[in-house]
S.K.: 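Mind looking over this structure? Questions follow.
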Protein chains: 2
Amino acid sequence: MLVRTSDRRQPNTIDDFGFGSASKRAVSLNEFTYRKGTEIYGEKEPAEHVYQVKRGAVRTYKLLNDGRRQIGAFHLMDDIFGLENGVQHRFTAEAVVETTVRLIKRESLQALAEADAVVARNLLRMTTSNLEHAENHMLLLGRKTAVERVAAFLAEMDRRAGANTMSLPMSRRDIADYLGLTIETVSRAVSRLHCEGVLCFLGNTQREIVILDRQKLQSFDAQN
Amino acid sequence: MLVRTSDRRQPNTIDDFGFGSASKRAVSLNEFTYRKGTEIYGEKEPAEHVYQVKRGAVRTYKLLNDGRRQIGAFHLMDDIFGLENGVQHRFTAEAVVETTVRLIKRESLQALAEADAVVARNLLRMTTSNLEHAENHMLLLGRKTAVERVAAFLAEMDRRAGANTMSLPMSRRDIADYLGLTIETVSRAVSRLHCEGVLCFLGNTQREIVILDRQKLQSFDAQN
DNA sequence: CGCCTTGTTGAAGGCCATCAATATAGGTGG
DNA sequence: CCACCTATATTGATGGCCTTCAACAAGGCG
């Protein structure tokens with residue numbers, strides 16, 4: 001219930017990137033690169049674009065008036081985010097690490113969907129996919145214990161990593177705010193899973209993780 | 001963390017309604033009435049219909065293997081639920097009280113959306129509306145205190161009731177499972193709001209509630 | 001009226017948050 | 001490349017909010 005002031009909602013706009021306006025476009029015309037921790041768009045801002053992660057990771061979150069934060073989702077490579085139907089964003093989006101995104105104008109997408117039923121169906125499918133994730137996350141936040149949440153999180157990341165080892169781009173604070181916990185509780189849960197032989201770390205890092213026993217990891221979650 | 005066995009997932013099918021097959025249809029051909037506590041559809045069941053509440057109230061929820069329940073939403077009059085994009089339901093739906101619903105065949109709706117862009121857009125709008133609710137609920141479940149949750153719940157119900165008094169169709173257990181709390185904590189929070197002069201009860205009932213001070217109620221929540 | 005379900009209130013306990021100290025990692029400049 | 005510094009992560013001690021357990025009260029329905 002702590003009020004966090006610094007490092008929250010830093011007013012980074014396009015002008016804060018540190019290089020000139022002309023050099024802001026990366027490879028392609030509709031691509032853009034955000035530095036670590038910078039805001040991509042803010043809650044309640046007009047939703048002019050839809051985004052796809054080309055490289056890096058994005059967190060989308062809501063804040064309470066006293067600074068409590070709930071991260072709704074992490075968006076990794078190829079994920080689409082900022083897909084609002086209304087005119088304004090319902091989350092704030094920030095780059096977790098240096099992140100390159102592809103941009104699509106919302107209204108052009110909407111026009112395309114109006115004309116093409118396939119596009120419309122894909123739009124609906126993506127929205128439904130977001131909904132499904134939110135529904136599962138409600139169950140996690142409302143009814144799961146700390147270890148279950150962390151196990152579910154690691155399983156989710158492991159699934160999306162594909163490879164045998166995963167490199168988490170987000171900090172413990174991000175994980176905590178995603179799981180509705182504190183950083184200490186997350187740390188303890190990870191340590192517990194480490195002791196139980198579920199996972200180990202690569203080298204001296206805490207973000208490079210290898211899942212040693214996926215079945216055991218799953219047993220720490222309480223899936224239906 | 002209690003395992004609830006009875007009154008959960010009771011195997012009520014169409015045949016358990018207590019009256020004959022011929023009398024099951026109510027007013028119209030595509031309407032159906034469910035008695036209090038009966039299942040409308042189960043999680044993982046094929047999604048053959050979309051539903052609209054004509055009268056009554058519906059809860060949609062997920063269960064963990066040990067019986068912990070998370071209600072994702074309550075559906076009141078005119079609300080549409082069971083709107084899945086995939087082939088199977090992601091929640092179980094039950095009638096909170098005696099409830100009449102209108103039925104629409106999913107595939108016919110899908111065909112309609114394929115042909116008519118307006119229908120497609122409405123489908124997307126409704127799905128987005130569900131998503132928005134889920135997103136707000138994640139913030140509640142992840143970061144709000146007990147009193148804040150109950151205040152937010154009462155505000156939500158008050159908003160949808162329209163009238164000055166509201167009659168909650170759901171039990172304290174339902175409310176608790178919606179808010180990620182226990183019935184005792186819900187009861188205490190309501191009592192607290194009662195003592196603080198935010199609300200009062202009508203007659204000797206606990207479900208007929210009058211909000212006396214909406215501004216004060218809002219101050220107990222911690223909205224952005 | 002009596003039974004059973006639902007809701008309230010109190011007491012005690014547990015899980016997670018908070019506070020605090022230390023350790024480790026990552027970045028910067030010498 | 002190492003020393004230094006800061007941000008991040010781990011671990012321990014303590015506390016508080018909510019849960020659990022328990023008893024009682026109230027309401028609903030036969």
S.K.: Classify the nucleic acid contact of Leu181(B) as base, sugar-phosphate or nothing, counting any heavy atom under 4.0 Å across all strands shown.
M.R.: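 Sugar-phosphate contact only - Leu181(B) comes under 4.0 Å of backbone atoms but never of a base.
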S.K.: By nearest atom, which of the nucleotides dT8(C), dT10(D), dC16(C) is closest to the Ser191(A) side chain?
M.R.: dT10(D)
S.K.: Starting at atom NZ of Lys36(A), determine the distance to atom P of dT8(D), rounded to an integer number of angstrom.
M.R.: 7 Å
S.K.: Hey, does Gly180(B) reach any base, or is it just sugar-phosphate, or nothing, if we go heavy atoms under 4.0 Å?
M.R.: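 Contact class for Gly180(B): sugar-phosphate only.
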S.K.: Could you tell me whether Arg68(B) and Glu148(A) make a salt bridge, using a distance below 4.0 angstrom between a side-chain N and a carboxylate O?
M.R.: yes
S.K.: Quick one: Ile183(B) CD1 to dT5(C) P, roughly how many Å, whole number?
M.R.: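 For the pair Ile183(B) CD1 and dT5(C) P, the rounded distance is 14 Å.
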S.K.: With a 3.5 Å cut-off and heavy atoms only, can you find an N or O donor on one side and an acceptor on the other between the side chain of Arg188(B) and the base of dG10(C)?
M.R.: yes
S.K.: Side-chain N or O of Thr182(A) versus OP1/OP2 of dT18(C): is the shortest distance under 4.0 Å?
M.R.: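 So the side-chain polar atoms of Thr182(A) never come under 4.0 Å of the phosphate oxygens OP1 or OP2 of dT18(C).
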S.K.: Taking the side chain of Ser187(A) as its heavy atoms from C-beta onward, which of dT10(D), dC16(C), dC18(D) lies nearest to it?
M.R.: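 Shortest atom-to-atom distance from the side chain points to dT10(D).
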S.K.: Just to verify, which of Arg55(A), Lys54(A), Lys36(A) counts as forming a salt bridge (Lys or Arg N to Asp or Glu O under 4.0 Å) with Glu98(A)?
M.R.: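 Only match with Glu98(A) under salt bridge (Lys or Arg N to Asp or Glu O under 4.0 Å): Arg55(A).
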S.K.: Taking CE from Met170(B) and C1' from dG7(C), how many angstroms apart are they, rounded to a whole number?
M.R.: 16 Å
S.K.: Using the six-membered ring wherever Trp is involved, compare the ring planes of Tyr41(B) and His89(B) and label them parallel, tilted or perpendicular (cut-offs 30° and 60°).
M.R.: parallel
S.K.: Base, sugar-phosphate or nothing for Arg207(A)? Non-hydrogen atoms, less than 4.0 Å.
M.R.: sugar-phosphate
S.K.: For Gln206(B) and dG7(C), give me the distance from atom CD to atom C1', rounded to whole Å.
M.R.: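 In whole Å, dG7(C) C1' lies 5 Å from Gln206(B) CD.
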S.K.: If the plane angle is over 60° it's perpendicular, under 30° parallel, otherwise tilted; pick one for Phe32(B) and Tyr34(B).
M.R.: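 The rings of Phe32(B) and Tyr34(B) sit tilted, inter-plane angle from 30° to 60°.
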S.K.: In whole angstroms, how far is the C1' atom of dA7(D) from the CZ atom of Arg172(A)?
M.R.: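 For the pair Arg172(A) CZ and dA7(D) C1', the rounded distance is 14 Å.
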S.K.: Would you call the rings of Tyr178(A) and Phe74(A) parallel, tilted or perpendicular, taking 30° and 60° as the class edges?
M.R.: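 Correct class here is tilted.
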S.K.: Rounded to the nearest Å, what distance is computed from the CD atom of residue Glu98(B) to the C1' atom of nucleotide dG28(D)?
M.R.: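 Taking atom C1' of dG28(D) as the reference, CD of Glu98(B) is at 16 Å.
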S.K.: Write down the distance between CD (Glu184(B)) and P (dA12(C)), rounded to a whole number of angstrom.
M.R.: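 It works out to 16 Å between those atoms.
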S.K.: Provide, to the nearest angstrom, the distance between the CZ atom belonging to Arg173(B) and the P atom belonging to dG7(C).
M.R.: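 Roughly 10 Å, once rounded to whole Å.
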S.K.: Would you kindly compare Gly203(A) and Ala146(A) by the position of their nearest DNA chain C nucleotide and give the one closer to the 5′ end?
M.R.: Ala146(A)
S.K.: Once you apply a heavy-atom cut-off of 4.0 Å, does Ser171(A) come out as touching a base, just sugar-phosphate, or nothing?
M.R.: sugar-phosphate
